[in-house]
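Within every chain, numbering begins at 1; the chains are lettered A, B, ... in the order of the sequence lines, protein sequences first and strands thereafter.
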Amino acid sequence: YKTFAGDPKWDHNDVTYRIINYTPDLEISVVDDAFARAFKVWSDVTPLTFTRLYDGTADIMISFGKADHGDPYPFDGKDGLLAHAYPPGEGVQGDAHFDDDEFWTLGKGPVVKTRYGNSEGAMCHFPFTFEGKTYTTCTTEGRTDNLPWCATTADYSRDKKYGFCPSELLYTFGGNADGAECVFPFVFLGEEYDSCTTEGRSDGYRWCATTSNFDNDKKYGFCPSRDTTTIGGNSDGAPCHFPFEFLGKEYDSCTSEGRGDGKLWCGTTDSYDDDKKWGFCPDQGYSLFLVAAHEFGHALGLDHSNIREALMYPMYTYAEDFSLHKDDIEGIQYLYGRRTGPDPTPPQPDTPTTIPYPDPDETDPTDEPTEPTTTRPVDPTKDACKVTKFDTITVIEGVLHFFKDGHYWKMSSNGGLKGPFSVSERWSALPAVIDSAFENMLTRKLYFFSGTRFWVYTGNSVLGPRSIEKLGLPNTIQKVEGALQRGKGKVLLFSGENYWRLDVKAQKIDMGYPRYTDAVFGGVPNDAHDVFQYKGHIYFCRDRFYWRMNSRRQVDRVGYVKYDLLKC
Amino acid sequence: WSAPLKSKFVTFPGEILKNMTDMELAENYLKKFGYMNTVQRSGFQSMVSTEKALKMMQRQMGLEETGQLDTSTLEAMKQPRCGVPDVAN
């Protein structure tokens, strides 16, 4: 998992959200439910709660839009970009936008929720038979009022269970007419309209008047998509017209002819050749629930994961029975902690938790024996200001330490430099050259890395040397050049242009690593020979220089180790 | 069997045209999702090559890190996805 630069998160657990507008592809109640379930994905594993607001400003403002929808990141028509969301914060931060040039479903084709009839709002059952004929879409057959309907079981003749399908003749949504159905024809700007239109709008949404004259009454609503509504194209969602003519041939169903991408389309008049009116046919569509759960992850502070099965993986994949991946849970709990209270508990890790994590204190029989070392004399004239490049710089017990060839100096809190001291006098098992070191803030254990080996000091007792492969680092690594504490139990280990995240308690590298340093820490050299943390900043050292990065991962200073850190 | 009809491709009016060359599609993708030409706030200006940017994207997507615009990478770039960049700067 990854969080955004500076780990932005909500500073309260009772997060609010508001649904600003709706997609015509799904009944309002289906959208409400999909969003509520998407929030529940995250509240199930954290202390977060999500409360819906119906007006005013909520933390997470949810809206649908097409192409340029009012922020600097336009959508791109059908497919491609599905949605985006902003990290937690004020204003647009925390908001989630969904591309309404997509066909929103629950991932398995049109979601046709019925109204009225005798099925209490049940979904259409496709295919269904009626008077011996099979239907895969809603139909107006058998009715004189031209209202599309469907059976809610496979056989209408047997069960007589039916309901009415989404249609502008039945209801509208949004607008100012409280969901009243369209009135056709209606007058708008002096012109007469016999169907929904996008005229008068720049956002591409289809609307209609709910009285016969919009110019006088100003009453309107948005038109729900019918299950045969086309998507995208240039027909404003008008339904397919079967048969239609294309390149002189007649088509009774959707076709991919004429396209190189295999997408199914249809004409929305009887002749495409004459009218050039077309649209994409409804396909499986994209699960609003799954995409919303992903986007809400961003709105809570999670960036993209590179674990393919994780919800926060950038690409869309439909999952029938969805559950959060361990990586997502670790990520959101890194930000907000675990859910308090009895249930539901997140899925337990697949390894039986009775096996205790390997404790680094246990001497591993395969470990190399600790080599006897002799104390090296200290050359008091050794001047830290004459060192161009230290072996490593790190903070131990809150004090900045500079290591070089078996010696080290300490920067006291009043800014004075003390030393040199002998490494072997204080840590007798260590070699002269230390590539990197860090102090685990939880256990106060000191980790030292030299070449492909590492040592763990607990007070005066030491474990090691052991191979860094024991931690799960690959054998291709020559040396560990930097270490950054992340939270309580994680440490980033840097080598070359990559870094790994070590779970200190488990003594193993987390999944999804290595990552490129400059992909996450933009603006610093990707071949720094030392990386350390000091007073809330991250330092990347190369030769005599350091690049200092603040908590929002912005490089806010480039300077000389000698003058700025050693105060030479 | 008759020979398959030669499909004639037409340009559909009103469609957001996305017909780019593979390389154009790739560069557009790598820029859009932060893998290259990211505006560094300050400090070290590391101009990422297309090859390095491809490797970064391949790693993010769990693909083989070839640094080349191979079929699986191109396929991945055509998949529907979230619009939030993968590399935030």
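- Salt bridge annotation for A:K249-A:E257: absent, with no cationic side-chain nitrogen under 4.0 angstrom from a carboxylate oxygen.
- Using a 4.5 Å cut-off between heavy atoms, A:Y516 contacts chain B through both its backbone and its side chain.
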Could you please spell out the steps behind the ring-ring contact (aromatic ring centres under 6.0 Å, His included) verdict for A:W547 and A:Y539? CA-CA 6 Å; A:W547 279 254; A:Y539 290 77; over 10 Å; no
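- Only the side chain of B:K32 comes within contact range of chain A, judged by heavy atoms closer than 4.5 Å.
- A donor and an acceptor atom, one from each side chain of A:R544 and A:Y560, are nowhere located under 3.5 Å apart.
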The test is ring-ring contact (aromatic ring centres under 6.0 Å, His included); show your working for A:Y286 and A:Y318 and say whether it passes. CA-CA 8 Å; A:Y286 295 110; A:Y318 177 66; over 10 Å; no
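- Interface remark: A:A83 contributes backbone atoms only to the contact with chain B (heavy atom separation under 4.5 Å).
- Atom CH2 of A:W500 and atom CD1 of A:I509 lie 8.0 Å apart (nearest 0.5 Å).
- Contact detail for A:L302 and A:G331: the closest heavy-atom pair is CD2-C, 3.6 Å.
- The residue among A:F246, A:W278, A:W265, A:F4 with the most heavy atom pairs within less than 4.5 Å of chain B is A:W278.
- Residue contact with chain B, scored on non-hydrogen atoms closer than 4.5 Å, involves the backbone and the side chain of A:L82 alike.
- Using a 4.0 Å cut-off between charged nitrogen and carboxylate oxygen, A:K66 and A:D99 do not count as a salt-bridge pair.
- When only modelled atom types and interatomic distance are considered, A:H298 and A:D303 share no side-chain donor-acceptor pair under 3.5 Å.
- Under 4.0 Å is where a charged nitrogen must lie from a carboxylate oxygen, and between B:E65 and B:R59 at least one such pair does.
- Your options are A:Y73, A:Y86, A:Y272, and the one with the most heavy-atom pairs under 4.5 Å with chain B is A:Y272.
- Ranked by heavy-atom pairs under 4.5 Å with chain A, the list B:P85, B:P80, B:G83 is led by B:P80.
- When heavy atoms are compared at a cutoff of 4.5 Å, A:F540 does not approach chain B at all.
- Residues A:C266 and A:T230 meet the side-chain proximity criterion, which asks for heavy atoms closer than 4.5 Å.
- Looking at A:K2, only its side chain comes within 4.5 Å of chain B, counting heavy atoms on both sides.
- When B:Q79, B:M61, B:K55 are compared by the number of non-hydrogen pairs under 4.5 Å with chain A, B:M61 comes out ahead.
- For A:F280, the part sitting under 4.5 Å from any heavy atom of chain B is the side chain, from C-beta outward, and nothing else.
- Proximity to chain B is limited to the side chain of A:E295, based on heavy atoms less than 4.5 angstrom apart.
- Using a 4.5 Å cut-off between heavy atoms, A:R515 contacts chain B through its backbone alone, with no side-chain atom that close.
- With respect to A:R557 and A:D564, a salt bridge is recorded, a charged nitrogen being found less than 4.0 Å from a carboxylate O.
- Between A:K263 and A:D79 there is a salt bridge, with a side-chain nitrogen of the basic residue lying less than 4.0 Å from a carboxylate oxygen of the acidic one.
- Residues of residues 304-316 of chain A that come closer than 4.5 Å to chain B, counting heavy atoms only, are A:H304, A:S305, A:N306, A:R308, A:Y313, A:P314, A:M315, A:Y316, ordered by residue number.
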